[in-house]
Amino acid sequence: MFLKDGVFLDAVFMTGFSGAIVILLVAALLLCGCAGSGAKEGTNFTSNITLNHTNDDSSGNSTTEPLPARESKIPLDIAKVMPSEDVYPPIMHSDEWEAPVPAPGMVNTAGAEDSAFATPDGSTLYFFFTPDVRVPPEKQLLDGVTGIYASKKLADGSWGTAERVVLQEPGKLALDGCGFVQGNMMWFCSAREGYSGVNLFTAQFSNGEWRNIRYVGDKLMKEYQMGEMHITSGGSEMYFHSARSGGKGMLDIWASRNVNGEWGEPENVGIVNSPENEGWPFLSQDRGELWLTRTVNGTPAVLRSRNVNGSWTEPELIISQFAGEASLDDEGNIYFTHHFYRNGTMIEADIYVAGKK
């Protein structure tokens with residue numbers, strides 16, 4: 001979800017640069033046969049991570065049947081890439097962490113796992129999945145399995161079977177991604193029926209279910225041109241990437257402060273930005289570290305900036321070579337996306353982890 005042919009992209013989950021063409025394609029598909037073309041008020045419904053959907057049988061009665069397992073939609077001509085076959089393995093540049101390895105357990109498949117988000121306690125891993133990186137987003141929308149998934153950590157430290165986080169009403173189309181979870185609240189981007197383009201939504205987790213899906217509004221994504229974001233643990237600041245004017249070039253990291261419930265005008269986080277792409281910010285719970293993705297020697301890399309006396313420092317390189325979208329738990333373990341390339345073509349993506357020593 002962060003690289004295609006050497007250019008940073010977020011599939012349909014970013015605005016303000018080359019991904020706009022994809023956004024238009026998905027928007028056109030969504031609006032065909034839908035009522036209205038503008039963003040409507042937020043929908044309030046209950047959703048969960050149970051893989052079921054409602055269908056009508058021949059008698060006209062409503063029935064419930066399982067949604068397809070994500071593995072069932074991976075084409076037979078796609079084989080799982082093993083680390084020993086990786087032409088460009090990720091490179092660790094710090095002695096604070098172990099060498100990166102694929103996340104153990106049931107997270108990674110021969111499809112594409114991307115955009116990992118680990119909860120601070122390290123118990124749950126959220127990520128985006130699509131079965132075939134060769135398929136464009138407007139077709140991913142229709143495959144029945146592309147979207148956000150969640151996996152729970154097992155007693156042995158591995159990750160259990162991933163379950164779909166269903167955030168749409170049964171029978172309606174949605175392509176959800178860029179999930180960020182804070183407490184019982186999820187922020188996510190979505191191209192879905194009834195809305196123009198890609199929009200920002202929230203959901204609340206209550207009694208084992210994601211409920212109350214709400215449309216956030218146009219200010220952040222349309223006016224501020226916000227891409228993927230991270231909100232500080234106290235909720236007072238939002239960091240996000242954007243190609244909005246006034247930056248240092250391409251994507252930059254920006255920050256907005258919440259004053260009386262309103263997100264203020266974004267400020268460029270100058271020292272962490274460069275003429276290259278900087279994006280996919282992650283902040284530690286104590287706001288002591290800002291993690292970001294930057295193009296280094298032609299491929300995405302993970303960097304870290306420290307907060308010293310209230311100011312961010314020049315970012316240091318932590319993991320290079322097709323590594324990006326870092327997320328950390330409170331123990332300091334790094335979860336990130338690694339894309340596999342062969343002959344100049346991306347063939348797969350996995351979630352990798354670098355354990356804190």
Strictly by modelled atom types, are [X] and [Y] linked by a side-chain donor-acceptor pair under 3.5 Å?
{"X": "Asp121", "Y": "Ser123", "result": "yes"}
{"X": "Gln204", "Y": "Asn212", "result": "yes"}
{"X": "Glu71", "Y": "Thr109", "result": "no"}
{"X": "Arg287", "Y": "Tyr239", "result": "yes"}
{"X": "Asn108", "Y": "Lys80", "result": "no"}

When you measure from the centre of the six-membered ring of [Y], is the NZ or CZ of [X] under 6.0 Å away and within 45° of the axis?
{"X": "Arg164", "Y": "Phe129", "value": "no"}
{"X": "Arg70", "Y": "Tyr149", "value": "yes"}
{"X": "Arg244", "Y": "Trp254", "value": "yes"}

With the side chain counted from C-beta on, respond yes when [X] and [Y] share a heavy-atom pair under 4.5 Å apart, and no when they do not.
{"X": "Arg304", "Y": "Ile318", "value": "yes"}
{"X": "Thr146", "Y": "Lys73", "value": "no"}
{"X": "Trp280", "Y": "Pro300", "value": "no"}
{"X": "Thr119", "Y": "Asp329", "value": "no"}
{"X": "Pro281", "Y": "Leu290", "value": "yes"}
{"X": "Ile148", "Y": "Leu167", "value": "yes"}
{"X": "Arg192", "Y": "Gln168", "value": "yes"}

I'd like to know whether the aromatic ring centres of [X] and [Y] sit less than 6.0 Å apart in this structure.
{"X": "His230", "Y": "Phe282", "value": "yes"}
{"X": "Phe180", "Y": "Phe188", "value": "no"}
{"X": "Phe336", "Y": "His338", "value": "no"}
{"X": "Phe201", "Y": "Tyr195", "value": "yes"}

Residues Asp176, Ser190; criterion side-chain hydrogen bond (donor to acceptor under 3.5 Å, both in side chains); working and verdict: CA-CA 4 Å; Asp176 304 325; Ser190 182; 2.5 Å; yes
query: Side-chain heavy atoms under 4.5 angstrom apart, residues restricted to Ile, Leu, Val, Met, Phe, Trp, Tyr: same cluster for Met226 and Trp291?
result: yes
field: Worked check of side-chain contact (heavy atoms from CB on, under 4.5 Å) between Asp330 and Gln285
entry: CA-CA 8 Å; Asp330 281 349; Gln285 287 284 100; 3.3 Å; yes
Ring pair (Phe, Tyr, Trp, His ring centres under 6.0 Å) evaluation trace for Tyr335 with Tyr352: CA-CA 6 Å; Tyr335 299 87; Tyr352 268 56; over 10 Å; no
task: Report the distance from atom CZ of Arg211 to atom CZ of Phe205, rounding to the nearest 0.5 Å.
output: 9.5 Å
